[in-house]
Amino acid sequence: MHKSHTSGELRRDHIGQTVKLAGWVNRRRDHGGLIFIDLRDRWGVTQVVSDPESAAAAHELLNTVRNEFVLQVTGVVRERPEGQTNENLSTGEIELVATDVKILNASKTPPFEINEDSNVDEKVRLKYRYLDLRRERMRRNLVLRSEVTTYIRNYLANEGFIEVETPILFKTTPEGARDYLVPSRVHPGKFYALPQSPQQLKQMLMVAGVEKYFQIARCFRDEDQRGDRQPEFTQLDMEMSFVERDDVTQLLEDLMTNMIEEVCDKPIMQKPWPRITYADAMDRFGEDRPDLRFEMYLKDVTAICRDTGFKVFDGAPMVKGINAEGCGATYSRKQIDALTKFVQQHGAKGLAWLRIDEDGYKSSFAKFLSEEKIGEMVAALDGKPGDLLLFIADKAEVANDVLARLRKRFGVELGLADPNVLACCWVIDFPMFMWNEDETRWDPSHHLFTSPMPDSIPLLDTDPGAAVGSQYDMVINGYETAGGSIRIHNRALQEKVFKLIGLEDDVAQERFGHMLEAFEYGTPPHGGIAPGIDRLVMLLAGEPNIREVIAFPKSQQATDIMAGAPSVVEDHQLVELHVGILDEDE
RNA sequence: GGCCCGGUGGUGUAGCGGUUAACAUGCCGCCCUGUCAAGGCGGAGAGCGCGGGUUCAAAUCCCGUCCGGGCCGCCA
């Protein structure tokens, strides 16, 4: 080893010992006759000091080093002089007096500061990701991520789970997201697909009698990027046999609660986690992934708004509102106009607003309504002087969606959503299907293998829209961080669901015949869930996007800026794969 | 596919029709034995993503394009 200790571990106890450290020059402070080097490695920083008298050669060499040089320093641990300790440093009570210095490697001046948390263009950070990862923020995130996965592995191993790897080269499933395809060399014209998740494979493991499976699995979806979406991402994929919904949610809730309290100092807002039905979530939050860190519930005032004589309200299927408390006093007309623009961008026709003053109202719509109706609306939203009430009148989907976005916007803008708290909850009782207007058929609201709740099985024949699925989502601070369900384990039921979502028999057979057949060989009841590791670590780390918790993320256009992927390939490689490139100029 | 924001020394920013393109930091040199974002003095470093246009004059205005980011669509 090039070092005997790390740069984070030397303390008073080591005083007098001769040790060897190796790491990077974090900072150099040259006093002429005396040079200080902050030597950094993954574990911390230790101050090295040159002694020009007893170690002239070492001093000379330290004269020539610069930031990010890689050094090996041999020296004696010494107590710092009276009044010279550094309380910001875990090693701040001691320093290493260099007796011998070796430059293990020099470094060019880095393109940005490694030793401070300065803002740097993402382009530059991603191009030099190996330098970006040296910085404290990224180092901390890498460590946190490792702690999360290590904790999960140990916990699940203790619970009797086994980790099984599943193929990366698998089969296309066109009913999901767009697949990444890999051409087959030995089968001209045929393609593997990278898995969007190991869904089918983990169910096959249940057929295989594994009973308790997990995997830290890489998943691939060829869709456009967002701050919380990358083309490849990581899930804790889990599946269990002989379980019901509450067994799965209980296990995951225990795992997550213990894990979070072990690796993260953010408190969990409520334990046990609230369980919210889909209907309740839509009613109070307008969405199925509510941010529970603050209230500002949506209030349905449709009934009040009937027969008002105001066309916008009378004609709308739904009128719903929120109370931005205190904003009546603080929001300017210009800010309200910005909110109007915001809701229009998301599909609402307009924003009806009402400011409550001490002596009356200021409003975009009050003049069209009776004093009495306005009083009822204000009462419904608990409005008081200084408040700003905002209403959307539209189809239920639009009113809910837009108000949910407004609510989340206020959560940030008004500082209602405490970034240091984790509000975890379960959303349950999802509808089994969502009506797809464009294709005039039912779409599964989770995926095609989700079982209906036992009571809902008869509804598949009579009223599919009313059927409740066994799906459960784990939501943290408004992010969907896991989704799972109890699966169908019966061929006839699976075929019925395929039929309902418009999968022709022969297509179902071609794509999922292996599963249907497997269900005929003693498949146990089973279910599972898959938390997204990237989002989870992002929330624990308090980062604004998942790129910050992925060592080598892709850009928004799905490229690797450091290596330059994707790239052109040699013609002979294409020939081997029986692949040609279309000329798309026309 | 669409909308929005951004691209100016190595890095982060200012400048938004006429400037010697400014500031901070980093970098280089000299001085300096107790600093820890060390300090002092001096210096080098960009012609403003790229291409075209308007203008007497463009980093500043217009068009196109590339790149990064946010969002809509998309994400069973």
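Throughout, a chain's letter reflects where its sequence line sits, starting with A, and its residues are numbered from 1.
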ask   = Does A/Arg27 get its side chain close enough to the base of B/U35, under 3.5 Å, for a donor-acceptor pair?
value = no
Here the distance between atom P of B/G7 and atom CD1 of A/Ile561, to the nearest Å, is 17 Å
Atom NZ of A/Lys123 and atom C1' of B/C5 are separated, to the nearest Å, by 12 Å
With syn meaning chi within 90° of zero and anything else anti, the base of B/G43 is anti
Exercise for the section: Verify the ring-centre separation between A/Phe430 and A/Tyr472: is it less than 6.0 angstrom? Expected result: no
### Task
Tell me yes or no: between the side chains of A/His59 and A/Ser50, is some donor less than 3.5 Å from an acceptor?
yes
Atom pairs, N/O to N/O, protein against nucleotides 8-13 of chain B, distance under 3.5 Å?
{"residue": "B/G10", "atom": "O2'", "partner": "A/Pro111", "partner atom": "O", "Å": "2.9"}
{"residue": "B/G10", "atom": "N2", "partner": "A/Glu113", "partner atom": "OE2", "Å": "3.4"}
{"residue": "B/U11", "atom": "O4'", "partner": "A/Pro111", "partner atom": "O", "Å": "3.0"}
{"residue": "B/G12", "atom": "OP1", "partner": "A/Asp121", "partner atom": "N", "Å": "2.7"}

### Task
Please determine if A/Glu116 and A/Arg135 form a salt bridge, counting it only when a charged side-chain N lies under 4.0 Å from a carboxylate O.
no
All N/O contacts under 3.5 Å from nucleotides 41-48 of chain B to the protein, with atom names and distances to one decimal?
none

Between B/G42 and B/C23, how far is it from one P atom to the other, in whole Å? 14 Å
Winner on side-chain proximity to A/Thr109, out of B/G68, B/U35, B/C27, is B/C27
Rounded to whole angstrom, note down the C1' distance from B/U55 over to B/U60. 13 Å
Note: contacts of residues 506-514 of chain A with RNA chain B (heavy atom, under 4.0 Å) are none
Is there a donor-acceptor contact under 3.5 Å linking the side chains of A/Gln471 and A/Asp473?
-> yes
Handout entry: Check: B/G73 base within 3.5 Å donor-acceptor of A/Glu223 side chain
Key = no
Exercise. Please answer whether B/A38 and A/His31 are stacked, defined here as ring centres separated by less than 5.5 Å and planes angled under 30°.
Key: yes
query = Taking the same atom, P, in B/C50 and in B/U33, what whole-Å distance lies between them?
reply = 47 Å
Separation of B/C36 atom C1' from A/Asn88 atom CG, nearest Å, is 9 Å
- Message: I'd like to know if A/Glu232 and A/Lys554 make a salt bridge, using a cut-off of under 4.0 Å between side-chain N and carboxylate O.
- Response: yes
- Is it possible for you to check whether A/Arg405 lies under 6.0 Å from the centre of the six-membered ring of A/Phe342, through NZ or CZ, and within 45° of that ring's axis? no
Discussion item. Taking donor-acceptor contacts at under 3.5 Å, does the side chain of A/Arg78 reach the base of B/G34?
Written reply: yes
Pairwise C1' distance for B/G7 and B/G15, with rounding to whole Å = 15 Å
Practice prompt. Examine the base of B/U25 for any acceptor or donor lying under 3.5 Å from a partner atom in the side chain of A/Glu116, and report the outcome as yes or no.
Written response: no
Scanning all shown strands, the Watson-Crick or wobble mate of B/C61 with both distances under 3.5 Å is B/G53
For the residue pair A/Arg221 and A/Tyr180, establish whether any side-chain heavy-atom pair is separated by less than 4.5 Å.
no
Query raised in the report: Taking atom C1' in both B/G17 and B/A59, what distance in whole Å separates the two?
Result: 11 Å
Is it the case that the base of B/G73 and the side chain of A/Arg226 share a donor-acceptor contact (distance under 3.5 Å, atom types as modelled)?
yes
In whole angstroms, the gap separating P of B/G34 from CD1 of A/Ile37 amounts to 17 Å
Among the nucleotides B/C74, B/G34, B/A76, whichever has the atom closest to the side chain of A/Gln199 is B/A76
Comparing nearest nucleotides in RNA chain B, the 5'-proximal residue of the pair A/Arg178, A/Asn545 is A/Asn545
P atoms of B/C71 and B/U8, separation to the nearest Å
23 Å
In whole angstroms, the gap separating P of B/C67 from CD of A/Gln225 amounts to 14 Å
Between A/Thr6 and A/Asp41, is there a side-chain donor-acceptor contact under 3.5 Å, judged purely by atom types and distance? no
Rounded to whole Å, CG of A/Asn86 lies from P of B/U35 at a distance of 11 Å
**Prompt:** Does the ring-ring contact (aromatic ring centres under 6.0 Å, His included) test come out yes or no for A/Phe220 and A/Phe233, once each step is laid out?
**Reply:** CA-CA 7 Å; A/Phe220 305 86; A/Phe233 60 99; 8.2 Å; no
| message | Regarding B/C36, can its base be found pairing with the side chain of A/Asp38 as donor and acceptor, where the two atoms are less than 3.5 Å apart? | response | no
The residue, A/Arg28 or A/Asn67, whose nearest nucleotide of RNA chain B is more 5′ is A/Asn67
A/Arg125 atom CZ is separated from B/G7 atom C1', nearest whole Å, by 17 Å
Is there, by distance only and without an angle test, a donor paired with an acceptor across the side chain of A/Arg221 and the base of B/C75 below 3.5 Å? no
Taken to the nearest whole Å, CZ/A/Arg409 to P/B/C71 is 14 Å
Task: Rounded distance in Å between the C1' positions of B/A22 and B/G9 - done: 12 Å
